[in-house]
Amino acid sequence: MRTPSESLLKIGCILGLRVSPTHRRKGVGLKLVNSVEEWMLRNGAEYAFLATEKNNNASINLFTNKCKYMSLSSLVIFVHPIISFPAKHISKDIKIEKVNMDQAISLYRRTLRAKELYPLDMDSILKEKLSLGTWVSYYKDEGCRLNLQRMVESEDIITNEITSSWIIFSIWNTYEAYKLQLKKSQTTLRLLHTTLNHARDKIFPCLRMSVSESLCTPFGFLFLYGLHGEGENLGELMESIWRFTSRLGESLKDCRVVITELGFGDPLVNHVPQTASMSCFDDIWYTKRISSHGDEKDDELLMKRQIGNVFVDPRDF
């Protein structure tokens, strides 16, 4: 990962930490975290990173009090059912244009510099088969034109004579990674209820479905990532992006939800369309140094203040 001060950090990420209800309060979670940290350290990591919901007091107690993690950033997860998005066409004043791989890499090479923490392997993320592509949304009537060839050569994104507003975004097809379906034994059912708390507690209520209903049919969701906007008129552009992604989801079998996650300091967090069906959840990122080597300035950045504008890696969601 890279920081605004150009520091390079090797960060290990702990994902999907779950303990069966029948084995909680026995130190299992602590042993798991310690074991993973030891593995990370052996493999060159300087920091350990993890995330949990703001209201998950048990996890927060484990991470902060027992494992000595410190708060890194606060984020908001936005969840919207595809079928519930108001039926309305994307404005004719807005154009959403797909860019090719080289153009996307060049675009993100520039825009990621606005983030306080971002990965160095963005090209690998974009080339993953689960990434459906990268688009730019902008207003036609602002005299804005995408100079795609020059963008690749010089990293310029938009050339125009007047101020313009635009947003770049990419879409990750999580349905291919998470097919939430159950057609097995009751033992599997109990295990699934334990390990899929994140999906059960967040996505199912947004679909107005019970857990039992949701487990009878496979479904997935599209994840908006790499969102970055510039200009003063971003609200309508953000709405067009959600409509565009919802329509794309409608064309994919069993895709039910559009999700994104933004840091509290991200300028776009205030422009996410607030419909009656939009649900929001608070997420907290935690980190700690596990290596004894490194620059103290990195600790000052990661452990002594909140960072607000971060890149959310779709591979970690």
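- Judged by distance alone, with hydrogens and angles left aside, the side-chain atoms of Lys54 form no donor-acceptor pair with the main-chain N or O of Ile284 at under 3.5 Å.
- Proximity of Leu227 to Leu262: side-chain heavy atoms (C-beta onward) are separated by under 4.5 Å at one or more points.
- In this structure the side chain of Leu62 never reaches within 4.5 angstrom of the side chain of Tyr69, judged on heavy atoms.
- Between the side chain of Ser165 and the backbone N or O of Gly231, no donor-acceptor pair lies under 3.5 Å.
- With a 4.5 Å cut-off on side-chain heavy atoms, Lys115 and Val310 do not count as touching.
- In terms of the ring pair (Phe, Tyr, Trp, His ring centres under 6.0 Å) criterion, Tyr118 has no residue partners (sequence neighbours excluded).
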Candidate pair Gln274 and Cys280, rule side-chain contact (heavy atoms from CB on, under 4.5 Å), full reasoning: CA-CA 10 Å; Gln274 298 299 314; Cys280 304; 4.2 Å; yes
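- Listed for the Ser240 side chain is a donor-acceptor partner under 3.5 Å among the backbone atoms of Leu237.
- Looking at residues two or more places apart in sequence or on another chain, you find no ring pair (Phe, Tyr, Trp, His ring centres under 6.0 Å) involving Phe63.
- When side chains are defined from C-beta on, Lys127 counts as touching Ile105, because their heavy atoms get closer than 4.5 Å.
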Trace of the side-chain hydrogen bond (donor to acceptor under 3.5 Å, both in side chains) decision for Tyr108 with Thr134: CA-CA 10 Å; Tyr108 279 117; Thr134 300; 4.7 Å; no
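- In this structure Trp285 satisfies the ring pair (Phe, Tyr, Trp, His ring centres under 6.0 Å) test together with Phe49, sequence neighbours excluded.
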Working for side-chain contact (heavy atoms from CB on, under 4.5 Å), residues Ile259 and Val79: CA-CA 5 Å; Ile259 299 178; Val79 182; 4.1 Å; yes
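- Under a 3.5 Å cut-off, the side chain of Ser137 and the backbone N or O of Ile96 do not form any donor-acceptor pair.
- A donor-acceptor pair is defined here as one N or O able to donate and one able to accept, closer than 3.5 Å; such a pair exists between the side chain of Ser73 and the backbone of Ile307.
- Rounding to the nearest 0.5 Å gives a distance of 10.0 Å between CG of Leu126 and CD of Glu128.
- Taken to the nearest 0.5 Å, the CD1 atom of Ile290 stands 10.0 Å off from the CD1 atom of Ile11.
- Salt bridge status for Asp123 with Arg109: absent, with no side-chain N to carboxylate O gap under 4.0 Å.
- Residues Ile82 and Phe221 form no side-chain contact, since every pair of their non-hydrogen atoms from C-beta on lies 4.5 Å or further apart.
- Qualifying side-chain hydrogen bond (donor to acceptor under 3.5 Å, both in side chains) partners for Asn57, counting only residues two or more places apart in sequence or in other chains: none.
- Side chain of Lys288 to backbone of Cys67: a donor-acceptor contact under 3.5 angstrom is found.
- In this structure, Ile77 and Glu261 have side chains that are in contact, with non-hydrogen atoms separated by less than 4.5 Å.
- Residues Val272 and Leu268 form no side-chain contact, since every pair of their non-hydrogen atoms from C-beta on lies 4.5 Å or further apart.
- The one candidate from Thr245, Leu130, Thr174 that meets the side chain to side chain contact (heavy atoms under 4.5 Å, CB included) condition with Phe223 is Thr174.
- Atom CE of residue Met1 and atom CG of residue Asp313 lie 7.0 Å apart, to the nearest 0.5 angstrom.
- With Trp135 as the partner, the side chain to side chain contact (heavy atoms under 4.5 Å, CB included) test is satisfied by one option alone out of Ile171, Ile167, Ile168, Ile241: Ile171.
- Atom CZ of Phe264 and atom CG of Asn309 lie 9.5 Å apart (nearest 0.5 Å).
- The NE2 atom of His80 sits 2.5 Å away from the OG1 atom of Thr275 when rounded to the nearest 0.5 Å.
- Listed for the Ser106 side chain is no donor-acceptor partner under 3.5 Å among the backbone atoms of Asp102.
- Side-chain contact between Ser251 and Leu248 is present, with heavy atoms from C-beta onward closer than 4.5 Å.
- No continuous path of ILVMFWY side-chain contacts below 4.5 Å connects Leu15 to Leu9, so the two sit in separate hydrophobic clusters.
- Not counting sequence neighbours, the partners of Ser74 by the side-chain hydrogen bond (donor to acceptor under 3.5 Å, both in side chains) test are Gln306.
- Interatomic distance, CG of Leu112 versus CZ of Arg110, reported as 11.5 Å (0.5 Å rounding).
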Ile125 and Phe311: CA distance, side-chain angles, deciding distance, side-chain contact (heavy atoms from CB on, under 4.5 Å) verdict: CA-CA 12 Å; Ile125 298 174; Phe311 177 86; 4.0 Å; yes
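- Partners of Ser131 according to the side-chain hydrogen bond (donor to acceptor under 3.5 Å, both in side chains) rule, which considers only residues two or more places apart in sequence or in another chain, are Tyr225.
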